[in-house]
Amino acid sequence: MQDNYPSFPGFENISLEDSYVLDVVVHPAVLIFKLDVLLLPDHPEHRAPAPGERACFRQATVVFSSVRDLHWTGQSVIKPAIDASGSADYGSVDSLTRVDNNYKILGDWGEINLQSDAPSLSIHPAPTLDPDETP
């Protein structure tokens with residue numbers, strides 16, 4: 001059975017294709033994506049875009065745990081894009097699909113095929129404004 005990420009629990013109402021990959025970290029039995037994720041309007045944490053942003057973005061982490069097998073190809077072409085603010089990113093997640101317990105993740109940073117438990121998505125708390133700052 002093949003599924004795309006919007007059907008994964010916790011991945012509803014986000015757009016990985018419009019999000020930014022800030023880092024990819026591999027540890028024994030764990031794969032972590034650090035993201036600036038785009039929250040769609042129906043996401044419970046969606047807010048009006050921050051000043052200067054085109055949409056509601058939040059820092060987030062996707063974790064694949066109990067990784068039993070991982071193959072990452074295309075790493076040699078990884079070069080981060082630097083935006084006007086000096087922030088680096090590695091593009092987006094072009095696709096994230098599951099076939100049984102096998103996952104395939106594609107993006108500018110390469111292709112990762114892995115066997116693991118279901119991924120989890122954690123949205124980081126929204127930054128708070130200093131009371132003296134204006135939104």
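On a predicted model such as this, the values are computed, not experimentally measured, just so you know. We count residues from 1, following the sequence as given.
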If I take atom [atom1] from residue [X] and atom [atom2] from residue [Y], how far apart are they, to the nearest 0.5 angstrom?
X	Y	atom1	atom2	answer
L96	E17	CG	CD	9.0 Å
S19	F33	OG	CZ	12.0 Å
I105	L31	CD1	CG	5.5 Å
L114	K104	CG	NZ	12.5 Å
K34	D23	NZ	CG	5.5 Å

Honestly curious: do [X] and [Y] fall in one hydrophobic cluster under the side-chain, below-4.5 Å linking rule?
X	Y	answer
F64	W72	yes
V67	V93	yes
V21	I123	yes

Handout entry: Results of ring pair (Phe, Tyr, Trp, His ring centres under 6.0 Å) for Y90 - residues two or more places apart only
Key = none
Completion exercise
For F11, the ring pair (Phe, Tyr, Trp, His ring centres under 6.0 Å) test, sequence neighbours excluded, returns F8
In a table with atom names and distances, give each donor-acceptor pair under 3.5 Å that connects a side chain of residues 35-45 to protein atoms at least two apart or in another chain.
unit_1	atom_1	unit_2	atom_2	d
H43	ND1	E45	N	3.0
E45	OE1	R58	NH1	3.2
E45	OE1	R58	NH2	3.0

Listed pairs under 3.5 Å, donor-acceptor, residues 115-122 side chains, sequence neighbours left out:
unit_1	atom_1	unit_2	atom_2	d
Q115	NE2	N102	OD1	3.2
D117	OD2	S66	OG	3.1

Handout entry: side-chain contact (heavy atoms from CB on, under 4.5 Å) between Y103 and T97, worked out
Key = CA-CA 6 Å; Y103 294 89; T97 56; over 6 Å; no
Completion exercise
Hits for side-chain contact (heavy atoms from CB on, under 4.5 Å) against A88, two or more places apart or cross-chain, chain-then-number order -> P80, I82
Problem - Partners passing side-chain contact (heavy atoms from CB on, under 4.5 Å) against H27 (at least two apart in sequence or in another chain) - result: V25, V30, I32
Exercise for the section: Answer whether the closest heavy-atom distance between the side chains of I112 and T73 falls below 4.5 Å. Expected result: no
Exercise for the section: Using only heavy-atom distances, determine whether the side chains of Y5 and E12 contain a donor-acceptor pair under 3.5 Å. Expected result: no
Fill in the blank from the handout: Closest non-hydrogen contact found for P49 with A55 is CB-O, 3.5 Å
